Every structure is written in structure tokens, then in C-alpha cells.
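Below is one structure, written out as C-alpha cells, with a few remarks after it.
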Amino acid sequence: MELTTNEKQIIENSIRDIKDFPKEGIVFKDITTLLNNKEAYATLMNHLHSRYKDYNLDYIAGIDARGFIFGAALAQMLGIGFVPIRKKGKLPYTTIGEKYALEYGIDEIEVHLDAFSGVNNARVLLIDDLIATGGTANAAATLINQTGAKCIEACFILGLTFLDGIKTLKEKTDVYTVLEVD
Ligand SMILES: O=P(O)(O)OC[C@H]1O[C@H](OP(=O)(O)OP(=O)(O)O)[C@H](O)[C@@H]1O
Ligand SMILES: Nc1ncnc2[nH]cnc12
């Protein structure tokens with residue numbers, strides 16, 4: 001269940017820091033080097049599978065775009081459905097949306113209103129690659145709960161602990177981070 005120190009190292013070492021991307025002062029955590037490293041990707045996904053296999057989850061919801069990669073893979077391993085939470089204007093059927101603050105301005109994410117309707121009071125795990133300010137994940141958890149489903153936990157590969165995102169999100173749902181960056 002717990003990652004061994006060695007497994008944690010394998011995952012941590014596979015994530016690349018890119019300084020000043022997309023703008024000066026930001027250290028961008030590049031997970032593409034985790035994804036193309038078969039040992040690191042398998043170590044991570046096997047860990048997530050072992051953590052969540054007994055949670056009685058009905059769906060995984062992944063956040064556009066990097067949350068799709070981990071979320072869809074995990075849903076398939078757990079044998080449950082996957083629901084994409086997308087940036088505004090991308091989903092074709094009836095949606096509900098939630099706005100959230102960016103560093104500059106406002107963005108919005110949406111989910112199909114009937115996305116979790118295959119199961120009454122569906123138990124949903126929210127997943128994304130990273131939590132920073134928590135604005136995106138908070139909006140996503142709100143949307144899940146608005147459909148009548150329940151966000152049981154929010155899972156991130158990386159949590160930036162020098163920001164308040166994790167603390168704020170914990171008021172709404174349980175939070176799990178594989179790695180913390182401080
Ligand atoms: O905690 P927050 O401050 O809300 O930031 C975290 C979000 O930012 C990144 O996505 P981004 O919006 O850059 O979209 P992308 O995955 O399409 O690149 C990341 O993948 C999270 O979804
Ligand atoms: N530092 C960062 N690295 C990658 N994605 C991010 N999203 C928000 N902050 C980020």
C-alpha cells in the first residue's frame with residue numbers, strides 16, 4: 001500500500017523541473033518524463049491501483065488535460081468508468097460548469113450532467129497530475145457533488161505545499177498526494 005523509499009525515488013526522479021515555464025519564476029513540473037519511463041509509470045500506476053482497489057469506487061473523474069492520462073489508466077485497472085472534466089466548450093452534451101480563479105483572470109471547467117448517472121450516489125475519485133492553488137480541483141469537486149455523485153477523495157501525483165491548495169481542498173474532500181514539493 002505505502003510506497004517504499006525506492007519506489008518513491010523512482011517516481012520522483014522521473015519528473016523533470018523546467019525553470020521559468022510558462023513564465024519567469026515558475027518551476028514547471030514536467031510529467032512527460034514520468035510517462036515515457038516505463039518503470040516509473042508502472043510503479044506509480046501499481047501504487048495507485050493498490051491504494052484504491054478497496055475504496056468501492058464507481059468512477060474516476062480526471063481533470064483536463066493531464067488528469068486524463070492517469071485517471072483513464074487507473075479506471076481501466078480498477079475496472080470502473082472514467083469521466084472527463086473538461087475546459088469550457090469542449091463537451092458536446094448538456095453540461096454544468098464551475099468558474100475558478102487563475103493567476104490572471106478566470107477559467108471554467110465543465111462536466112456532463114449525466115456523467116455519473118449509471119450509479120445512484122456514485123462514489124467518485126478525482127484525479128489530476130498536480131495541485132497548486134487548488135482552484136481547478138476545488139471547482140472539479142464542486143461539479144462532481146452538484147451532479148448528485150460524491151467526491152470521495154482527490155488524488156494528485158504532486159502537491160505544491162508552499163501554496164494553500166491542499167489545505168483549502170481538504171475542507172471539501174479527502175486529499176492524497178503521492179509526492180509533496182515544498
Ligand atoms: O491548483 P491549480 O492552481 O488550479 O493548478 C493546477 C492545474 O494546473 C495544471 O493544468 P493547466 O490549467 O495548466 O492545464 P493543462 O493540463 O491543460 O496544461 C495542472 O494540470 C492542474 O490541472
Ligand atoms: N508548477 C507547475 N508545474 C506544472 N503544472 C502546474 N500547474 C500549476 N502550477 C504548475
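As the structure lists them, so they are numbered: ligands from 1, and atoms in each ligand from 1. The first residue of the sequence shown is numbered 1, and numbering continues consecutively from there. The model shown is predicted, which means the values in this text are computed figures rather than measured ones.
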Task: Test item, G134 contacting ligand 1 (heavy atom, 4.0 angstrom) - done: yes
Should [X] and [Y] count as an ion pair when the cut-off is N to O under 4.0 Å?
{"X": "E153", "Y": "R51", "result": "yes"}
{"X": "K29", "Y": "D17", "result": "yes"}
{"X": "R86", "Y": "E110", "result": "no"}

Open item on the list: Does either side chain, that of T4 or that of N6, offer a donor lying less than 3.5 Å from an acceptor on the other one?
Closed with: no
TODO: May I ask you to check whether K172 and N138 show a side-chain donor-acceptor distance below 3.5 Å?
DONE: yes
What is the nearest protein non-hydrogen atom to [atom], stated with its residue, atom name and distance?
{"atom": "atom 6 (C) of ligand 2", "answer": "L130 CD2, 3.5 Å"}
{"atom": "atom 3 (O) of ligand 1", "answer": "T133 OG1, 2.6 Å"}
{"atom": "atom 10 (O) of ligand 1", "answer": "R66 NH2, 3.5 Å"}
{"atom": "atom 3 (N) of ligand 2", "answer": "K29 N, 2.9 Å"}

Examine [X] against ligand 1 and note whether any of their N/O atoms are separated by less than 3.5 Å.
{"X": "Y100", "result": "no"}
{"X": "I63", "result": "no"}
{"X": "A132", "result": "yes"}

TODO: Check whether any protein heavy atom sits under 4.0 Å from atom 8 (O) of ligand 1.
DONE: no
Side-chain ([X]) to main-chain ([Y]) donor-acceptor, under 3.5 angstrom:
{"X": "T177", "Y": "F156", "answer": "no"}
{"X": "Y59", "Y": "A149", "answer": "no"}
{"X": "T43", "Y": "E7", "answer": "no"}

If you measure from each non-hydrogen atom of [X] to ligand 1, which part falls under 4.0 Å: side chain, backbone, both or neither?
{"X": "D128", "value": "side chain"}
{"X": "D64", "value": "backbone"}
{"X": "T136", "value": "both"}

- [ ] Kindly confirm or rule out an N or O of R66 lying under 3.5 angstrom from an N or O of ligand 2.
- [x] yes
TODO: Please determine which of R66, K19, R16 meets the salt bridge (charged side-chain N to carboxylate O under 4.0 Å, His left out) test together with D30.
DONE: R16
TODO: Could you tell me which atoms of ligand 1, counted from 1 in the order shown, lie closer than 4.0 angstrom to a heavy atom of D129?
DONE: 19 (C), 20 (O)
Open item on the list: Within ligand 1, which atoms have a heavy atom of L130 less than 4.0 Å away?
Closed with: 6 (C), 21 (C)
Open item on the list: Is there a continuous path of hydrophobic side-chain contacts, each under 4.5 Å between heavy atoms, that joins F82 to V111?
Closed with: no
TODO: Give the single entry among K87, R86, K29 that approaches atom 17 (O) of ligand 1 most closely by any heavy atom.
DONE: K87
Task: Mode of V27 contact toward ligand 2 - side chain, backbone, both, neither (heavy atoms, under 4.0 Å) - done: backbone
Open item on the list: Check the orientation of Y176 and H47. Use parallel for under 30°, tilted for 30 to 60°, and perpendicular for over 60°.
Closed with: tilted
